[in-house]
Amino acid sequence: MAMHSAVKGKLLAVIGDEDTCVGFLLGGVGEINKHRHSNFMVVDKNTAIIDIEECFKGFVKRDDIDIILINQNVAEMIRHVIEGHTQPIPAVLEIPSKDHPYDASKDSILRRAKGMFNPEDV
Amino acid sequence: MGLERTAKQVDNELDEMCRQIIELMDDYYSNMSKLQHCIRDGCVHLAKSRYLMGHRSVSDLQLPTSGQYTARSTVVREEDTTVIHLACNNDGDDPIKRFGVLVPGSLRKAQEGFCKCVEYSIEAAVIKAEMEKVQKNFLSLKNERNQMTNVVNKGK
């Protein structure tokens, strides 16, 4: 993959469990801007769904975010909000986590693509 | 005759788009499999680091919460295309320093693993953008084809 150094690009945001957030922070995607807004959210069993929804909507509104990575099990909790996001930017990617392997049948982009081959959905 | 030939051309284009979307779905799925493998390996290395350093030393307590903190890995999107590149900014501190000065090798391996995850995520975003583009073109062409069929049916 081509890498561009010394170019200020757009951010990747992460919504996921502790290990996913810690891992991607180690990967260098974490940022806190001058308004003290971070680009990640740790979701645990005590996190309310409304908080996840608000966080997701906040990331979608931000123009410095290009890709939103969200654990697939967390995406399932706010499926109606994710289905409502149809803009290409920011791109929403449903990623697996250590406890929940990737399930292609739940991924909204693959579901939409499969719909092309179903005459009732097209 | 002219209309029939055009309809055939449209059908061929629709077939070609179906082939493209199947290939893209396959690419997306294999990319996600690689990403899953990478995340799993990264999490195993994080767990090893936790065992060596203590469970509170590798947790969300090390995530930045205050002050300004700049991302080292960002993305740059090429104009008018679906291509996205990874942009590395090495000016800021290495994020591994948030976990200590002398960190175990397993934490460095976890970092390498999650750096790869970032690359796979960007590849997945490129494939996704391409899929959305093909889907949009497919639907508009499908509408065009339906209109052609309606015109032929009315003529009969």
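Chain letters run A, B, ... following the sequence lines, proteins first, then strands; residues in each count from 1.
In this structure, chain A has a heavy atom under 4.5 Å from the side chain of B:Arg77, while its backbone stays farther away. Proximity to chain B (any heavy atom under 4.5 Å) is restricted, for A:Asp107, to the side chain, taken from C-beta onward. With a 4.5 angstrom heavy-atom cutoff, A:Val22 touches chain B via backbone and side-chain atoms both. Of the atoms belonging to A:Leu69, it is side-chain heavy atoms, and not backbone ones, that fall under 4.5 Å from chain B. There is no contact between B:Ala129 and chain A, counting heavy-atom distances below 4.5 Å.
Under a hydrophobic clustering in which Ile, Leu, Val, Met, Phe, Trp and Tyr are joined whenever their side-chain heavy atoms come within less than 4.5 Å, directly or via other members, B:Phe138 and A:Leu110 fall into the same cluster. A:Ile68 and B:Met131 are members of different hydrophobic clusters when ILVMFWY side chains are connected at heavy-atom separations under 4.5 Å. The cluster map of Ile, Leu, Val, Met, Phe, Trp and Tyr, joined by side-chain heavy atoms under 4.5 Å apart, puts B:Tyr120 and A:Ile70 in different clusters. When the side chains of ILVMFWY residues are joined at heavy-atom separations under 4.5 Å, either directly or via intervening members, A:Phe59 and A:Val14 end up in two distinct hydrophobic clusters. Under the 4.5 Å side-chain heavy-atom criterion for Ile, Leu, Val, Met, Phe, Trp and Tyr, B:Val75 and A:Leu11 are members of distinct hydrophobic clusters.
Inspection of non-hydrogen atoms places B:Ile21, B:Ile22, B:Met25, B:Tyr28, B:Tyr29, B:Met32 of residues 21-33 of chain B under 4.5 Å from chain A. Contacts between residues 26-37 of chain A and chain B, defined by a heavy-atom separation under 4.5 Å, are made by A:Leu26, A:Gly27, A:Gly28, A:Val29, A:Gly30, A:Glu31, A:Ile32, A:Asn33, A:Lys34.
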Checking B:Leu63 against A:Glu18 for the side-chain contact (heavy atoms from CB on, under 4.5 Å) test, could you report, in this order, the C-alpha distance in whole Å, the side-chain angles of both residues, the deciding distance, and whether it holds? CA-CA 10 Å; B:Leu63 299 178; A:Glu18 188 184 23; over 6 Å; no
Please assess B:Glu132 against A:Arg112 for the test side-chain contact (heavy atoms from CB on, under 4.5 Å), listing each intermediate value before the final yes or no. CA-CA 9 Å; B:Glu132 282 172 344; A:Arg112 277 206 295 267; 3.5 Å; yes
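Taking all atoms of both residues into account, the shortest heavy-atom contact from A:Leu93 to B:Ala124 is CD1-CB, 4.0 Å. Between B:Phe114 and A:Gly23, the shortest heavy-atom distance links the atoms CB-O, 3.1 Å.
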Side-chain atoms of residues 96-108 of chain B: list all donor-acceptor pairs with protein atoms under 3.5 Å, sequence neighbours left out, distances to 0.1 Å.
from: B:Arg98; atom 1: NE; to: B:Gln62; atom 2: O; distance (Å): 2.7
from: B:Ser106; atom 1: OG; to: B:Ser49; atom 2: OG; distance (Å): 3.1

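Within a 6.0 Å sphere centred on NE2 of B:His55, heavy atoms belonging to other residues, nucleotides or ligands number 12 at most. Enclosure of atom CG in B:Leu61 by more than 12 non-hydrogen atoms of other residues, nucleotides or ligands within 6.0 angstrom is indicated. Residue B:His37 places its NE2 atom among 12 or fewer non-hydrogen atoms of other residues, nucleotides or ligands, all under 6.0 Å distant.
Your options are B:Pro95, B:Ser73, B:Gly42, and the one with the most heavy-atom pairs under 4.5 Å with chain A is B:Ser73.
A heavy-atom distance below 4.5 Å is not found between the side chains of A:Lys10 and B:Ile84. A heavy-atom distance below 4.5 Å is found between the side chains of B:Lys128 and A:Val92. Two residues are said to be in side-chain contact when any heavy atoms from C-beta on lie closer than 4.5 Å; B:Ser121 and A:Ile67 fail this criterion.
Separating the CG atom in A:Asp99 from the CZ atom in B:Arg40 is a distance of 12.5 Å, to the nearest 0.5 Å. Rounded to the nearest 0.5 Å, atoms CD1 (A:Ile95) and CD1 (B:Ile39) are 4.5 Å apart.
The side chain to side chain contact (heavy atoms under 4.5 Å, CB included) test applied to B:Gln36 returns A:Pro96, A:Pro101, A:Tyr102, not counting sequence neighbours.
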